[in-house]
S.K.: 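Structure incoming, see below.
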Amino acid sequence: VQLQASGGGLVQAGNPLTISCAASGPFLSTNHWGWFRQAPGKGREFVAAVRWTGGGSTYYADSVKGRFSISGNTARTTVYLQMNSLKPEDTAVYYCAQRRARYTSEGITDDIGKYDYWGQGTQVTVSS
């Protein structure tokens, strides 16, 4: 699986931005998708994740809950992260990832070590 993140850029605080992650190569529709971010001098942290199976499920970090929304296209080959009310502390390189679900009803996780495939990052900079 190859993941390609795009759509990052410079945005003023309070404004929205949507970033995308497109997958290519063979992968399962049961895979979970996740977004992570890494700010300068900090470790990579969980942002949001989605599972399409079992009626679908999403999971957000507390720091972005209510402001960010994860979704996908109909074919489930691209995942989006819509970011509203951006803050300077949201500045980071954003990475998308996929995890092979070990069983059908497996819950989505924020554990960075459990994701199997990673894309390159896209820089999001929020100015004050």
S.K.: Heavy-atom count check: over 12 atoms from other residues, nucleotides or ligands less than 6.0 Å from K65 NZ?
M.R.: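 Count over threshold, so yes.
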S.K.: Considering all heavy atoms of both residues, which atom of W33 and which atom of L3 are nearest to each other, and what is their separation?
M.R.: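 That closest heavy-atom pairing would be CZ3-CD2, 4.2 Å.
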S.K.: Just how far is it from atom OG of S69 to atom CG of L81, taken to the nearest 0.5 Å?
M.R.: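 Output value for this atom pair is 8.0 Å.
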S.K.: Donor-acceptor pair, distance only, cut-off 3.5 Å: does the side chain of Y115 make one with the backbone of T109?
M.R.: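 Side chain of Y115 to backbone of T109, a donor-acceptor pair under 3.5 Å: yes, one is there.
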S.K.: Is K87 paired with D90 through a side-chain N to carboxylate O contact shorter than 4.0 Å?
M.R.: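 Salt bridge flag = no for K87 with D90.
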S.K.: Does the side chain of C96 come within less than 4.5 Å of Y117's, by heavy atoms?
M.R.: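 Side chain of Y117 against side chain of C96, heavy atoms only: no contact under 4.5 Å found.
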S.K.: Quick check for you: to the nearest 0.5 Å, what is the distance between N15 atom CG and M83 atom CE?
M.R.: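 Nearest 0.5 Å value for the CG-CE distance: 11.5 Å.
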S.K.: Under a 4.5 Å cut-off applied to non-hydrogen side-chain atoms, are F68 and W35 in contact?
M.R.: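 F68 vs W35: side chains apart.
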S.K.: Which pair of heavy atoms, one from T78 and one from S20, lies closest together, and at what distance?
M.R.: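 Of all heavy-atom pairs spanning T78 and S20, the closest is CG2-CB, 4.3 Å.
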S.K.: Looking at every heavy atom in both E106 and R102, which two are closest together, and how far apart are they?
M.R.: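 Here E106 and R102 meet closest at OE1-N, 2.7 Å.
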S.K.: Sub-3.5 Å donor-acceptor pair from the side chain of Y60 to the main-chain atoms of I70, do we have one?
M.R.: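 The answer is yes, because a donor-acceptor pair under 3.5 Å joins these two groups.
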S.K.: How close do Q98 and A23 get, counting heavy atoms only, and between which atoms?
M.R.: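 Shortest heavy-atom contact: NE2-CB, 3.8 Å.
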S.K.: Linking I/L/V/M/F/W/Y whenever any side-chain heavy atoms sit under 4.5 Å apart, do Y59 and I19 land together?
M.R.: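 Hydrophobic grouping puts Y59 apart from I19.
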S.K.: For T125, enumerate each residue passing the side chain to side chain donor-acceptor pair (under 3.5 Å) test, keeping only those at least two apart in sequence or located in another chain.
M.R.: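 Q123.
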S.K.: Please tell me if the side chains of H32 and K114 come closer than 4.5 Å, counting only heavy atoms from C-beta onward.
M.R.: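 Not touching, per the 4.5 Å side-chain cut-off.
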S.K.: Between V93 and G121, what is the shortest heavy-atom contact and its length?
M.R.: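 Nearest heavy atoms, V93 then G121: CG1-CA, 3.5 Å.
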S.K.: Taking atom CG of L17 and atom CD of Q12, what is their separation to the nearest 0.5 Å?
M.R.: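 So the CG of L17 and the CD of Q12 are separated by 13.0 Å.
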S.K.: Is there any side chain to side chain donor-acceptor pair (under 3.5 Å) pair reaching into residues 45-58, and which pairs are they, with sequence neighbours excluded?
M.R.: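 Residue pairs with at least one partner in residues 45-58: R37-E45.
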S.K.: Same hydrophobic cluster for I108 and I112, using side-chain heavy-atom links shorter than 4.5 Å among ILVMFWY?
M.R.: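 In one cluster with I108: I112, yes.
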S.K.: If you measure from CG on L28 to CZ on R76, what distance do you get to the nearest 0.5 Å?
M.R.: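 That separation rounds to 15.0 Å.
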S.K.: Can you tell me how far the OG atom of S127 sits from the CG atom of L86, to the nearest 0.5 Å?
M.R.: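 That separation rounds to 10.0 Å.
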S.K.: What's the shortest heavy-atom distance between Q120 and Y95, and which atoms?
M.R.: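 Minimum heavy-atom separation between Q120 and Y95: C-CD2, 3.9 Å.
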S.K.: Give the intermediate values and the outcome of side-chain contact (heavy atoms from CB on, under 4.5 Å) for residues Y80 and N73.
M.R.: CA-CA 8 Å; Y80 307 98; N73 65 349; 4.0 Å; yes
S.K.: To the nearest 0.5 Å, tell me how far F46 CZ sits from D111 CG.
M.R.: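 The CG atom of D111 is 10.5 Å from CZ of F46, to the nearest 0.5 Å.
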